[in-house]
Amino acid sequence: MLLVSTRNSEKKIPALQAVLKGISDDGGLFIPSEFPKLNEADLDSLRNLSYQKLSAKILNMFFDEIRLDDMEKITEQAYSTFDVKNIVPLKKLSEREYILELWHGPTLAFKDVALQILPRLMAKALEQQGIDEDVLIL
């Protein structure tokens, strides 16, 4: 999938390249040039997947440069340190109130949901582009 800058939709770059770049040259954020369209059958096929497999399938729609089986390995590794099996449990508080628990990762913060994936996507991008460098995430 190609991503575009929020400041210039004319320049498009592959998703893995955008992961390494972080911010567009014009200072904009990268967003998908289009969003995948899912029909009811597509949604039904996702309904009973584990969080890791669901994440892999959804991420694979945006990072089509990565094979699905590789993406599944990435998500399995990324979420292996969470202290609950379903990663982000939905807890019922009352008849009409629910809460999504985003604190089951290694630092007990919501950011773990994304930041356990990011370095693995970056490593895959470096590997696929044949770049032998270390990356520091601050």
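Along the sequence shown, residues are numbered consecutively beginning with 1.
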message = To the nearest 0.5 Å, what is the distance between CG on Asp69 and CD1 on Ile74?
response = 10.0 Å
task = Any chance you could measure Leu20, atom CG, to Met122, atom CE, to the nearest 0.5 Å?
result = 5.5 Å
request  = Considering only NZ, NE, NH1 and NH2 on the basic side and carboxylate oxygens on the acidic side, decide whether Lys73 and Glu76 come within less than 4.0 Å.
outcome  = no
Distance (rounded to the nearest 0.5 Å) between Ile23 CD1 and Phe30 CZ = 8.0 Å
message = Please find the pair of heavy atoms, one from Ser33 and one from Val4, that lie closest to each other, and give the distance.
response = CB-CG1, 3.9 Å
ask   = Can you name the side chain to side chain contact (heavy atoms under 4.5 Å, CB included) partners of Asp64, sequence neighbours left out?
value = Met1
request  = Take atom NZ of Lys12 as the centre, draw a 6.0 Å sphere, and report whether it contains more than 12 heavy atoms from other residues, nucleotides or ligands.
outcome  = no
Heavy-atom side-chain proximity of Ile66 to Leu59 below 4.5 angstrom = no
query = Quick one: do Leu108 and Ile99 end up in the same hydrophobic cluster if we chain Ile, Leu, Val, Met, Phe, Trp and Tyr together by side-chain heavy atoms under 4.5 Å apart?
reply = no
inquiry  = Assigning hydrophobic clusters by single linkage (Ile, Leu, Val, Met, Phe, Trp, Tyr; side-chain heavy-atom cutoff under 4.5 Å), is Leu49 placed with Leu38?
reply    = yes
message = By the salt bridge (Lys or Arg N to Asp or Glu O under 4.0 Å) test, which pairs, at least two apart or in different chains, include something from residues 30-39?
response = none
key: Any Gln52 side-chain heavy atom under 4.5 Å of Glu72 side chain   = no
task = Quick one: pull up OG in Ser45 and CG in Asn39 and give me the separation to the nearest 0.5 Å.
result = 8.5 Å
inquiry  = Would a single hydrophobic cluster contain both Leu118 and Tyr51, if residues Ile, Leu, Val, Met, Phe, Trp and Tyr are joined by side-chain heavy-atom contacts under 4.5 Å?
reply    = yes
Student check: side-chain heavy atoms of Met71 and Leu121 closer than 4.5 Å = yes
remark   = Nearest heavy-atom approach of Glu101 to Trp103 is CG-CH2, 3.1 Å
query = Taking only residues two or more places apart in sequence or in another chain, which ones pass side chain to side chain contact (heavy atoms under 4.5 Å, CB included) with Pro106?
reply = Thr81, Phe82, Asp112, Gln116
query = Do Phe63 and Val135 sit in the same hydrophobic cluster, where Ile, Leu, Val, Met, Phe, Trp and Tyr count as joined when their side-chain heavy atoms come under 4.5 Å apart?
reply = yes
ask   = When you measure from the side chain of Tyr79 to the backbone N and O of Val113, does any donor-acceptor pair fall under 3.5 Å?
value = yes
ask   = Within a strict 4.5 Å, meaning less than it, do heavy atoms of the Asn60 and Lys57 side chains meet?
value = no
request  = Looking only at non-hydrogen atoms, find the nearest pair between Ile117 and Ala78 and report the distance.
outcome  = CD1-CB, 3.6 Å
query = If you measure from CG on Leu115 to CZ on Arg120, what distance do you get to the nearest 0.5 Å?
reply = 11.0 Å
inquiry  = Can you tell me if Phe110 has over 12 outside heavy atoms packed within less than 6.0 Å of its CZ?
reply    = no
key: Close side-chain approach of Ser24 and Lys11, heavy atoms under 4.5 Å   = no
task = To the nearest 0.5 Å, tell me how far Leu29 CG sits from Leu3 CG.
result = 11.0 Å
ask   = Are Leu54 and Leu100 connected in the hydrophobic side-chain network, where two residues link if heavy atoms are under 4.5 Å apart?
value = yes
inquiry  = For a quick test of reading the model, state the closest non-hydrogen atom pair linking Leu68 to Ala56 and the distance between them.
reply    = CD1-O, 4.0 Å
Atom of Gln77, atom of Ser80 and distance for their closest heavy-atom approach = O-OG, 2.9 Å
ask   = Do Lys124 and Glu65 have side chains that get closer than 4.5 Å, going by heavy atoms?
value = no
query = Are Asn8 and Asp25 side-chain neighbours, meaning at least one heavy-atom pair lies under 4.5 Å?
reply = no
